[in-house]
Each structure stands twice: as C-alpha cells, then as structure tokens.
Amino acid sequence: MNLARKIFEANRIFKLLEKGDRILIGFSGGVDSVVLSYLLFKLKDVFNIEIGLAHFNHNLREDAKDDEFFCINFAKSFGIPIYVESYDVKSLKGNVEENARKKRYEFLQKIAKKEAFNKIATAHHLDDLAETMILWFVRGGGLKGISGFKASQNNIIRPLITTTKEEIKDFAQKQGLNWREDYTNYDETISRNLIRHKVIPILKKINPNFLSTVLQESIILQDEEAFLENYTESAIKSIDVFDIKSLKSQPKAIQRRIVRKTFGTKTFQKTELVLRLLENAKQIRLSKDKTLEVKNGKITVKRVI
C-alpha cells in the first residue's frame with residue numbers, strides 16, 4: 001500500500017480531513033514531518049484543504065539552526081507558508097523533553113489561532129504509537145495510558161497513524177526527498193529510544209505483525225476507555241459519591257474511577273487507600289494536609305493544619 005492510500009485509509013477510519021480545512025503541520029525537518037508535508041501538499045487539491053508549516057527551534061542541539069534553515073528552504077521550494085519560532089528550552093527548569101513538548105505545542109496552538117488554521121497535523125506514526133503504549137504500560141498509565149494517543153484529539157490530527165516508520169523512510173527515499181537526522185534519537189539512555197531500538201525489534205520477532213496488532217488494540221482500548229469514562233460520569237450524577245453504600249453499589253472498576261475523579265488520587269496506591277474506607281477503615285491520610293474520615297456511612301474531607 002502506498003502512503004497516499006495510507007492517508008486515505010486513516011481518513012476513512014478516523015475522519016481527520018474535511019473539505020475547507022486549513023491545516024498547520026508541525027514541521028521538524030525530520031523524515032516523518034517531511035513525508036507528511038509532501039503528501040498533504042500533493043493531496044491538498046484532492047481533499048480541498050490548505051496547508052502551512054510551523055517549525056519550533058528548541059535550541060537543544062548544536063545543529064538546530066541548520067534544521068531551521070532546512071525547514072525554511074523546504075517550505076520555499078514548495079511554496080508553502082512557514083512560521084518559525086526559536087526558544088532556549090534548556091533555560092527552563094524541569095524535564096527537558098517535557099518542556100520541549102509543552103513549548104512546541106504552545107507555539108503550534110498560538111500560530112494556528114493567529115493564522116486561522118482550524119487543525120494542527122503532527123507526523124506521529126504507528127511506531128510512535130507502539131512506543132507510547134509500551135512506555136505507559138511500563139510506567140503504569142492505566143487503560144487511558146496504554147491505549148496510546150488518538151488519531152484525532154481536539155484540533156490535533158495524526159494522518160500517518162496507520163503508517164510505519166519503515167514505510168515512511170522507504171517512501172522518502174523513492175521520492176528523492178531530503179530530511180534532517182536528529183542524532184539524539186539514537187541515545188538509548190532515553191527510554192523511548194531504548195524501546196524503539198531494543199524492545200520493539202524483539203516484539204516483532206515474537207509477532208511479525210506486531211505493529212498492526214498495536215493499532216487494533218489501541219482502537220479497541222480507546223473505545224472501551226471512552227465507554228468507561230461515560231459510564232463513570234453517569235454514575236457520579238446518579239449516586240452520592242460520599243456515601244459508602246452508594247459507592248459500594250458500583251463495580252470495583254467504576255469505584256476506582258469515581259475515587260480518582262472525586263478525591264483527585266493520581267496513583268494506584270492512593271486510590272486503593274481510599275477504597276479501604278469502603279471496607280472497614282475509619283480514617284486515612286490522603287496527603288500532608290488532607291484526611292478522609294467515615295462517620296455514619298459518609299465520607300468527609302478534613303484539612304490538616
């Protein structure tokens with residue numbers, strides 16, 4: 001299957017592109033974003049859409065400026081408008097990867113709003129989805145985490161979600177496209193890279209169709225997550241969430257979700273601690289300044305000074 005057909009396949013399944021869309025493409029200059037931009041440029045009249053590119057220079061590598069020049073020249077060669085911003089992400093406190101992602105999406109949303117793009121396309125593909133699902137499974141992300149990212153979420157779309165990295169590189173080479181390589185993608189001290197280069201190849205040996213299986217599982221899990229979320233919201237509206245008897249009337253899976261939404265527990269351990277109140281505990285310490293107590297079958301929240 002060629003990649004144009006992959007775009008049509010993703011659009012059929014997830015309804016990503018609509019007539020009249022103005023789509024801003026997150027453009028790093030890497031092979032994924034180059035191929036996505038090239039394909040949407042070639043298909044823009046078929047879908048009746050307009051496209052623009054947005055490049056965010058994180059200034060994380062010595063050759064970051066070269067990436068920026070490449071992106072500007074790529075856009076110029078195809079006559080596509082491009083929007084560029086540079087920011088020293090290393091100056092921010094905290095996790096560099098997370099800060100880079102946050103600042104990049106802030107930039108994309110800012111440009112989309114300013115220039116009237118109704119959708120933002122990112123070049124996430126099937127391998128990225130597999131890496132994300134494995135990463136969340138290892139760290140403990142619950143059903144929502146291990147179902148991976150969505151093909152469409154708010155104004156973000158991912159037209160390459162049914163496409164593998166191998167297919168993307170093969171297409172780029174056959175079309176004679178140039179791209180920029182990010183050498184940090186080979187740093188296996190980064191968890192995602194370790195999964196990409198070591199874990200997934202092993203899983204492919206166990207199941208040669210592993211990536212196709214990932215997509216199927218993601219679709220199933222996301223549908224089930226959506227159902228459970230809707231069920232939980234309905235349950236919260238129909239019961240007294242602070243009443244022990246009412247809470248216990250719900251299945252354990254829904255009890256956990258109600259507890260997370262009501263009391264803001266982030267971890268499995270904290271959630272299970274609250275569920276002890278439904279059995280025989282009289283009081284639990286939820287945080288340094290918050291305790292939960294049970295009196296006459298009701299849960300009360302108390303602040304600790």
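All heavy atoms count here, side chains included; hydrogens, waters and symmetry mates do not. Note that the numbering runs from 1 along the sequence shown for the chain.
Partners of Glu272 by salt bridge (charged side-chain N to carboxylate O under 4.0 Å, His left out), not counting sequence neighbours, listed by chain and number: Arg256. Every residue meeting the side-chain contact (heavy atoms from CB on, under 4.5 Å) condition with Arg12, not counting sequence neighbours, appears here in chain and number order: Glu9.
In this structure, the side chains of Val35 and Ser37 stay at 4.5 Å or more apart for every pair of heavy atoms. At a threshold of 4.5 Å between non-hydrogen side-chain atoms, the residues Ile244 and Val294 count as touching. Looking only at side-chain heavy atoms (C-beta outward), Leu247 and Ile299 come within less than 4.5 Å of each other. Here the side chains of Val34 and Leu177 are in contact, with some heavy-atom distance below 4.5 Å. Asp21 is not listed as a side-chain neighbour of Phe47, based on a closest heavy-atom distance of 4.5 Å or more. The side-chain heavy atoms of Glu131 and Leu135, taken from C-beta on, include no pair separated by under 4.5 Å. Looking at heavy atoms from C-beta onward, Tyr183 lies in side-chain contact with Asp63 at the 4.5 angstrom threshold. Inter-residue side-chain proximity for Leu17 and Leu40 is flagged as met; some heavy-atom pair is nearer than 4.5 Å.
Tyr186 shares a hydrophobic cluster with no other residue; no ILVMFWY side chain has heavy atoms under 4.5 Å from its own.
Summarising the geometry, atom CG belonging to Leu278 is positioned 8.5 Å from atom NZ belonging to Lys252; distances are rounded to the nearest 0.5 Å. Note that OG of Ser86 and CZ of Phe107 are 10.0 Å apart. Values are rounded to the nearest 0.5 Å. Rounded to the nearest 0.5 Å, atoms CG (Leu3) and CZ (Phe8) are 12.5 Å apart. Atom OG1 of Thr122 and atom CG of Leu108 lie 8.5 Å apart (nearest 0.5 Å). To the nearest 0.5 Å, the span separating NZ on Lys248 from CG on Leu275 amounts to 10.5 Å. With rounding to the nearest 0.5 angstrom, the CG atom of Leu24 is 6.0 Å from the CD1 atom of Ile120.
Under the 3.5 Å distance criterion, the side-chain polar atoms of Asn230 are matched with a main-chain donor or acceptor of Ala226. In terms of modelled atom types and a separation under 3.5 Å, the side chain of Arg285 and the main chain of Lys288 share a donor-acceptor contact. Between the side chain of Lys204 and the backbone N or O of Asn209, no donor-acceptor pair lies under 3.5 Å. The main-chain N or O of Phe69 is found under 3.5 Å from a side-chain atom of Asn73 such that the two form a donor-acceptor pair.
Side-chain contact check for Gln222 and Ser218: at least one donor-acceptor pair (N or O, by modelled atom type) lies under 3.5 Å. When only modelled atom types and interatomic distance are considered, Gln283 and Glu293 share a side-chain donor-acceptor pair under 3.5 Å. Side chains of Glu68 and Asn57: a donor on one and an acceptor on the other come within 3.5 Å. Side-chain atoms of Glu167 and Asn2 include no donor-acceptor pair closer than 3.5 Å.
Connection of Val259 to Phe268 is not established within any shared hydrophobic cluster, with ILVMFWY side chains joined at heavy-atom distances below 4.5 Å, either directly or through further cluster members. One hydrophobic cluster, built from ILVMFWY side chains closer than 4.5 Å, cannot hold both Tyr83 and Leu53; they sit in different ones. Ile23 and Ile156 are assigned to two separate hydrophobic clusters, defined by single-linkage of ILVMFWY side chains at heavy-atom distances under 4.5 Å. No continuous path of ILVMFWY side-chain contacts below 4.5 Å connects Leu203 to Leu194, so the two sit in separate hydrophobic clusters. Residues Leu126 and Leu16 share a hydrophobic cluster, clusters being chains of Ile/Leu/Val/Met/Phe/Trp/Tyr side chains in contact below 4.5 Å.
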Does the pair Glu279 and Arg276 meet the rule for a salt bridge (Lys or Arg N to Asp or Glu O under 4.0 Å), with working shown? CA-CA 5 Å; Glu279 302 306 325; Arg276 283 178 53 196; over 6 Å; no
Show the numbers, then the answer: is there a side chain to side chain contact (heavy atoms under 4.5 Å, CB included) between Asn99 and Asn95? CA-CA 6 Å; Asn99 286 336; Asn95 182 275; 5.6 Å; no
Just do the salt bridge (Lys or Arg N to Asp or Glu O under 4.0 Å) check on Arg196 and Asp127 with the steps written out, would you? CA-CA 8 Å; Arg196 178 181 305 148; Asp127 293 66; over 6 Å; no
Steps toward side chain to side chain contact (heavy atoms under 4.5 Å, CB included) verdict (Lys261, Thr232): CA-CA 9 Å; Lys261 287 179 176 292; Thr232 303; 4.0 Å; yes
Give the C-alpha distance, both sets of side-chain angles, the deciding distance and a yes or no for side chain to side chain contact (heavy atoms under 4.5 Å, CB included) between Ser147 and Glu224. CA-CA 9 Å; Ser147 66; Glu224 293 186 356; over 6 Å; no
Check against side chain to side chain contact (heavy atoms under 4.5 Å, CB included), Leu160 and Ile168: CA-CA 9 Å; Leu160 294 179; Ile168 290 169; 3.9 Å; yes
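Note on Glu225 versus Lys144: no salt bridge recorded, every NZ/NE/NH1/NH2 to OD/OE distance being 4.0 Å or above. Remark: Lys119 does not engage Glu50 in a salt bridge, criterion side-chain N to carboxylate O under 4.0 Å. We find that Arg192 and Glu97 are not joined by a salt bridge, their nearest charged nitrogen and carboxylate oxygen being 4.0 Å or further apart.
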What donor-acceptor contacts under 3.5 angstrom involve side-chain atoms of residues 235-243, with partners at least two apart or in another chain?
unit_1 : atom_1 : unit_2 : atom_2 : d
Ser238 : OG     : Ser234 : O      : 3.2
Ser238 : OG     : Ala235 : O      : 3.1
Asp240 : OD1    : Phe242 : N      : 3.0
Asp240 : OD2    : Lys298 : NZ     : 2.6
Asp243 : OD2    : Lys245 : N      : 3.2
Asp243 : OD2    : Ser246 : N      : 2.8
Asp243 : OD2    : Ser246 : OG     : 3.1

Show me the side-chain donor-acceptor pairs of residues 26-33 shorter than 3.5 Å, one per line, residues at least two apart or across chains.
unit_1 : atom_1 : unit_2 : atom_2 : d
Ser28  : OG     : Gly30  : N      : 3.1
Ser28  : OG     : Ser33  : OG     : 3.3
Asp32  : OD1    : Lys165 : NZ     : 3.0
Asp32  : OD2    : His125 : NE2    : 3.2
Asp32  : OD2    : Lys165 : NZ     : 3.0
Ser33  : OG     : Ser28  : N      : 3.2
Ser33  : OG     : Gly29  : N      : 3.2
Ser33  : OG     : Gly30  : O      : 3.3

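Annotation: His58 is not in aromatic contact with Tyr87 [ring centroid separation under 6.0 Å not met].
Sequence neighbours left out, the pairs with a member in residues 69-92 that pass salt bridge (Lys or Arg N to Asp or Glu O under 4.0 Å) are Glu85-Lys110.
The neighbour count for Phe137 CZ, taken as heavy atoms of other residues, nucleotides or ligands under 6.0 Å away, does not exceed 12. For CD of Glu188, the number of neighbouring non-hydrogen atoms (other residues, nucleotides, ligands) closer than 6.0 Å is greater than 12. Heavy-atom contacts from other residues, nucleotides or ligands closer than 6.0 Å to OH of Tyr231 number 12 or fewer. Annotation: Glu62, atom CD; neighbour count of heavy atoms from other residues, nucleotides and ligands within 6.0 Å does not exceed 12. At most 12 non-hydrogen atoms from other residues, nucleotides or ligands lie less than 6.0 angstrom from CG of Asn296.
With Ile49 as the partner, the side chain to side chain contact (heavy atoms under 4.5 Å, CB included) test is satisfied by one option alone out of Glu18, Lys19, Arg22, Lys44: Lys44.
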